[in-house]
2 protein chains.
Amino acid sequence: MAIRPAEQLIHKAAWLYYAHGLRQDEVATQLNISRASVAMYLRKARETGIVNISTSTQLFTDDVMARKLEDALGLDAVWIAPANAYLADPSTDIAVLAASVFLELVKKGDRIGVAWGRTVYTIADIMSFADLQDVTVVQLCGNLGAPYSYRPDQCTMEIARRLNAKGLNFYAPLVLSTEELAKSLRAEPVIREQLAGIGDCNLALFSVGTVDADSHVVKCGALDPAEMAALRGRGAAGVIAGQIIDVRGEALDCSYNRRVISAELGSLRSIEKRLMVVQEDTKFEPLLAALAGGLCTHLVIGAHMAERLLEQAGEAGKKAS
Amino acid sequence: MAIRPAEQLIHKAAWLYYAHGLRQDEVATQLNISRASVAMYLRKARETGIVNISTSTQLFTDDVMARKLEDALGLDAVWIAPANAYLADPSTDIAVLAASVFLELVKKGDRIGVAWGRTVYTIADIMSFADLQDVTVVQLCGNLGAPYSYRPDQCTMEIARRLNAKGLNFYAPLVLSTEELAKSLRAEPVIREQLAGIGDCNLALFSVGTVDADSHVVKCGALDPAEMAALRGRGAAGVIAGQIIDVRGEALDCSYNRRVISAELGSLRSIEKRLMVVQEDTKFEPLLAALAGGLCTHLVIGAHMAERLLEQAGEAGKKAS
DNA sequence: GGCCAAATTTGACTTTTGTCGAGAGCCGTG
DNA sequence: CACGGCTCTCGACAAAAGTCAAATTTGGCC
């Protein structure tokens, strides 16, 4: 044969196969070589970039970004609510998407852990009804004593109602005044059972809170702004199911956390599917902390947040290499 | 906004398969669907252009003959589709090549002028999808009143659709019954604007037509066979964007040309990259005329035509010297 | 609420593709 | 001129992908 058949033949094989849609054996016949060689040429063609296989980028920006985030963060699934410039409130968008996603994740016979917060309540509120059999919705954290708009038990019950599921509420306050009391309460059979049951969940729905004066734990009176500031100084990065986490996504070692009645992060992590929803762009650091701690497997965020996250992941990747 | 499970899944499947190189059964496991569904999703992904497979057309310009033609004709680039005796239809070959070449020439932000004809429509039809940003496809000539298979607006819209570009149609017939009417129509703001916009294009795609009874302008009723024969006697050598050109590649001085609403040859020539595609061997004379007029800068032809062209050029060179 | 049509999904089957070791051709070297 | 080392090629097998009819689900409609 010729001196350097490689390049020319690779091109021709690639052309006939990819542009003309011929089968490999047809290409082999055309070029008078064996089909095995054709297969090899085609691999080389792909390797050297003579043929280019790319997934669409502009037309499905959000989908592509979601796939990239799944890869970068090691999550099972990411959904991104598109940035609709014309919509006044993008957070509603996220909640609507989250509700759809949540309903898709629920299967009959599931046991679902639900945390509390404005985000979760919004989702519950717009969620459509579904008649699922044999579903249980359990509350992931204790209740707030003070009257507050988005109470944990409300979130649980509303979601249970919409799913036609059984709701299991926590009969304890979220936070107690002393560590001893919290400890004793946790030891109570009713409470202990409830806490133990969290590990049996196979789906969880929660958001992540900020650690500033606007935080829900502050607004509901569980912590006062000064305490929160102090905790922030000691490494608090976010709030998950009423507990303070640090940048690594681990429970912060502090009195407050010890006084809280809530799902341990460990039992949370043992839940198979953990859907976290973040609406506000201000929750970037808390989101990072939660991700660092591997607290969620499924994520719903807005396009803007997705971009920031991807940038961050890119930088982290650069540093690592 | 509701989530579209189908599109999401298609995209995710395509991503895992093409970007990650997973096998179809692995993708199926990941997405909890059957492998057969994955296969179907992937076909849809290819069909809708979510994934894009393109091959380099380098091979066809690297050809020795292509180089010679570039030199002899003073063109920027020539692609030659090899004469594949075994392939059923060599003209398909040319169209496939032309489509690839065209896609390689298009850059984001481009403004593309598209003429009409069987060749152009064939190219549009087999062209793969690409989602380019900020691309506009403009129609180079008026529409055909009569119902005819390869209408100018169809060519424009189909190409625009495949490129995810904006399509700009001409709201005028290709040819009018009187010169006066054509003149008045050209003066209409809408039309004038469109005609002026042609000069802003930086890429054009067109073919060249014959001047016999089989010509498109005859078949679509713009001219009757007798008129065409008469024009031929007066020096008509080809048809470009609905206009009759003589052997020098200039617009023939005739009533028909004055009654046509189309891109002036001058504005056509002011377009930076002008890709001409010729499929049929019968179009040799029209091709020569178009080349003489410097109407194209990039050329896609078949091997047979290339040979004839090279012979011709050789003779011309001899005569000149 | 129940029914029909359309679309989707599946399992089983066929076809196509990827891969591997064996063998053939080529070339510089001893 | 014979010899290994080298790459390229082939045949055969295993793996993967494509296909199709049947079953199931979905969604619209009365």
Side-chain angles (χ1 to χ4, degrees), chain A residues 1-55 63 77 96 99-110 127-135 163-164, chain B residues 1-53 55 59 86-88 128:
Chain A
M1 268 257 171
I3 306 145
R4 234 192 58 210
E7 196 79 351
Q8 192 88 341
L9 267 180
I10 291 174
H11 260 100
K12 275 195 176 167
W15 179 254
L16 290 171
Y17 186 74
Y18 286 107
H20 274 273
L22 296 187
R23 272 182 279 109
Q24 290 191 359
D25 53 1
E26 291 181 298
V27 175
T29 310
Q30 305 276 354
L31 303 177
N32 280 318
I33 52 177
S34 79
R35 204 191 49 68
S37 300
V38 173
M40 193 204 55
Y41 287 153
L42 292 179
R43 182 157 38 75
K44 279 194 179 171
R46 284 186 298 259
E47 280 167 5
T48 57
I50 288 172
V51 298
N52 222 326
I53 302 179
S54 58
T55 59
D63 287 350
V96 170
S100 299
V101 167
F102 178 73
L103 283 174
E104 233 177 61
L105 288 175
V106 181
K107 295 278 171 292
K108 71 178 184 180
D110 274 3
M127 185 182 297
S128 53
F129 288 78
D131 188 15
L132 291 150
Q133 287 172 313
D134 194 26
V135 168
L163 298 180
N164 192 29
Chain B
M1 178 187 145
I3 63 168
R4 297 149 303 175
E7 210 164 275
Q8 279 271 353
L9 266 181
I10 292 175
H11 197 277
K12 200 155 178 175
W15 176 263
L16 290 171
Y17 186 74
Y18 287 108
H20 271 254
L22 294 188
R23 273 182 280 108
Q24 290 191 358
D25 54 358
E26 293 181 298
V27 175
T29 311
Q30 282 262 331
L31 303 178
N32 279 318
I33 52 177
S34 78
R35 201 190 51 71
S37 296
V38 173
M40 192 207 55
Y41 286 155
L42 292 178
R43 181 156 39 75
K44 278 195 179 172
R46 283 186 300 258
E47 279 167 6
T48 58
I50 289 176
V51 297
N52 235 320
I53 302 179
T55 64
L59 174 63
Y86 21 83
L87 279 179
S128 57

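Within every chain, numbering begins at 1; the chains are lettered A, B, ... in the order of the sequence lines, protein sequences first and strands thereafter. Computed over heavy atoms, backbone and side chain alike; hydrogens, waters and symmetry mates excluded.
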Q) Roughly how far apart are A:Asn52 CG and B:Asn52 CG, rounded to 0.5 Å? A) 9.0 Å

Q | Residues which pass side chain to side chain contact (heavy atoms under 4.5 Å, CB included) with A:Ala13, listed by chain and number, not counting sequence neighbours | A | A:Val27, A:Leu31, A:Tyr41, A:Leu42

**Q.** Contact state string [nucleotides 16-21 of chain D, B base, S sugar-phosphate only, - no protein heavy atom under 4.0 Å]
**A.** SBBB--

Q) A:Leu31 has an atom CG; how far is it from atom C1' of D:dC10, in whole Å? A) 15 Å

Q: Quick one: list whatever passes side chain to side chain contact (heavy atoms under 4.5 Å, CB included) with A:Thr29, sequence neighbours left out.
A: none

Q: Please identify each residue that fulfils side chain to side chain contact (heavy atoms under 4.5 Å, CB included) with A:Ala19, with sequence neighbours left out.
A: A:Trp15, B:Thr55, B:Val96

Q | d(CD, A:Glu26; P, C:dT15) in whole Å | A | 14 Å

**Q.** Distance test, side-chain N/O of A:Ser37 to OP1/OP2 of D:dC10, below 4.0 Å
**A.** yes

Q: Please list, chain by chain and in numerical order, all residues satisfying salt bridge (charged side-chain N to carboxylate O under 4.0 Å, His left out) with A:Arg43, sequence neighbours excluded.
A: A:Glu47

Q. Tell me: NZ of A:Lys44 to P of C:dT19, nearest whole Å?
A. 14 Å

Q: Determine which pairs satisfy salt bridge (charged side-chain N to carboxylate O under 4.0 Å, His left out) with at least one residue from residues 25-40 of chain A, sequence neighbours left out, and list them in order.
A: A:Arg23-A:Asp25

Q.
Could you tell me how far apart B:Ile33 (CD1) and C:dT8 (P) are, to the nearest whole angstrom?
A. 13 Å

